[in-house]
J.: 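Got a structure for you, written out below as structure tokens; questions coming shortly.
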Protein chains: 2
Amino acid sequence: MDAVKHPKREKHDGPLNERLATSGFRFTPQRQHVYDVLLGDRNHPTAEEVFIRAKKGMADISIATVYNCLDALVKCDLVKQVNLDRDATRYCPNMTEHSHFYCDECGDIHDIALPATTQANLNLPRGFRVKQYEISLRGLCRDCAAKQ
Amino acid sequence: MDAVKHPKREKHDGPLNERLATSGFRFTPQRQHVYDVLLGDRNHPTAEEVFIRAKKGMADISIATVYNCLDALVKCDLVKQVNLDRDATRYCPNMTEHSHFYCDECGDIHDIALPATTQANLNLPRGFRVKQYEISLRGLCRDCAAKQ
DNA sequence: GTTAGACTTAGAACTATTCTAAGTATTGAC
DNA sequence: GTCAATACTTAGAATAGTTCTAAGTCTAAC
């Protein structure tokens, strides 16, 4: 392998650094950059799309590192994975409780706020202990519905 | 390729035949068999698992045919696909409206009836038109919760 | 300054699924 | 009935998204 120099890590005391540290990860410029990419264009990109955008500001970053960074961000609760069927996993930096609406027409994904009552309304059978739940919706988004 | 004889299709006027016909599919012994496998063991098998079970009663069936049959069954609304993250797609012959509970401990998937009020409670932003929605839950099933 | 271990990288490997091409069965027209 | 058109099945190749591997690089702790 070529001896590619990695960018120097600068001292960084932002929220990312803290979050990484408390989960046992190190701060790296790649992780910062990938997180910045997600925060910049909040349209639920795939790893591939993150990779393409990340290369603009960091030409030598590899797809393996993008996966590694995304994984670290997910593990320290800064990013959520979003799956629709078996399509490529998408990444979402919105950590408020919300569901996803997939538009069948334009393919966009919209964050939808969840009403506070949702969990209570699920009325599970006795004995089941829910740790996490997810609601996903499909149909036509506002713009596409208006065009029809 | 070897000249493998396919089993003869017998006249069949059951519900499967009708459903297939109205969606433009032909009745075949393989489709009947795959559907029977799903109805027999209702524990949300993957295509691979359906394949393994299907071979017991039809030794020459191929995985490609299992995928083809499952696809046909999904398209004529006899079977639902169930996805958890990016794991292999699972197949569910329960066509009543329900959600899925994934047990983190034992890995089993349980069908959970949905309260009638669910959709109304989602309170979408104006203009969005929902065609389909899905609720999935994770945690501990009754048995695993009791053991802890 | 050393050293252990975390991180990055390119490319190989993996897995679930779809595609391809050849053979087989069924349907509909005659 | 025979024949052609077409749907279906099959094995194996191909694909896509992701994870693994091995080598090199960097950082933190001593």
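These numbers come from the heavy atoms of this one structure, side chains and all, not from hydrogens, waters or symmetry mates.
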J.: Without decimals, in angstroms, what is the distance between Ile63(A) CD1 and dC20(D) C1'?
T.: 15 Å
J.: From dA6(C), dT26(C), dT9(D), pick the nucleotide closest to the side chain of Thr65(B)?
T.: dT9(D)
J.: OP1, OP2 of dA16(C) versus side-chain N and O of Thr46(B): anything below 4.0 Å?
T.: no
J.: Of all the choices, dT8(C), dT18(C), dC8(D), which nucleotide is nearest to the side chain of Thr28(B) once you look at every atom?
T.: dC8(D)
J.: Please pick, from dA25(C), dC26(D), dT9(C), the nucleotide with the shortest atom-to-atom distance to any side-chain atom of Arg26(A).
T.: dC26(D)
J.: Does this structure show an ion pair linking Asp71(A) with Lys75(A), if we count only N-O contacts that are shorter than 4.0 Å?
T.: yes
J.: If only side-chain N and O atoms of Arg86(B) are considered, is one of them under 4.0 Å from the OP1 or OP2 phosphate oxygen of dT18(D)?
T.: yes
J.: Can a side chain N or O of Tyr67(A) be found less than 4.0 Å away from OP1 or OP2 on dT18(D)?
T.: yes
J.: On DNA chain C, check which nucleotide each of Ala88(B) and Ala64(B) is closest to and give me the residue with the more 5' one.
T.: Ala88(B)
J.: Would you say dC7(C) has OP1 or OP2 under 4.0 Å from some side-chain N or O of Arg31(A)?
T.: yes
J.: Check the angle between the aromatic planes of Tyr102(A) and His100(A) and answer parallel, tilted or perpendicular using the 30° and 60° thresholds.
T.: tilted
J.: Can you tell me how far P of dT26(C) sits from CZ of Phe25(B), to the nearest Å?
T.: 18 Å
J.: Regarding Arg90(A) and Glu49(A), does a basic nitrogen lie under 4.0 Å from an acidic carboxylate oxygen?
T.: yes
J.: Atom CG of Asp85(A) and atom P of dA16(D): how far apart are they, to the nearest Å?
T.: 18 Å
J.: How many Å lie between CZ on Phe27(B) and C1' on dT26(C), as a whole number?
T.: 13 Å
J.: His44(B) and Asp111(B): side-chain donor and acceptor closer than 3.5 Å?
T.: yes
J.: Would you tell me if any nitrogen or oxygen in the side chain of Asn68(B) comes within less than 4.0 Å of OP1 or OP2 on dC8(D)?
T.: no
J.: Where the side chain of Cys69(B) is defined as all heavy atoms beyond and including C-beta, which of dT18(C), dT8(C), dT9(D) is the nearest nucleotide?
T.: dT9(D)
J.: Take the protein atom CG of Asp60(A) and the nucleotide atom P of dA10(C), then report the distance between them rounded to whole Å.
T.: 7 Å
J.: Identify whether the distance between the nearest side-chain nitrogen and carboxylate oxygen of Asp85(B) and Arg138(B) falls below 4.0 Å.
T.: yes
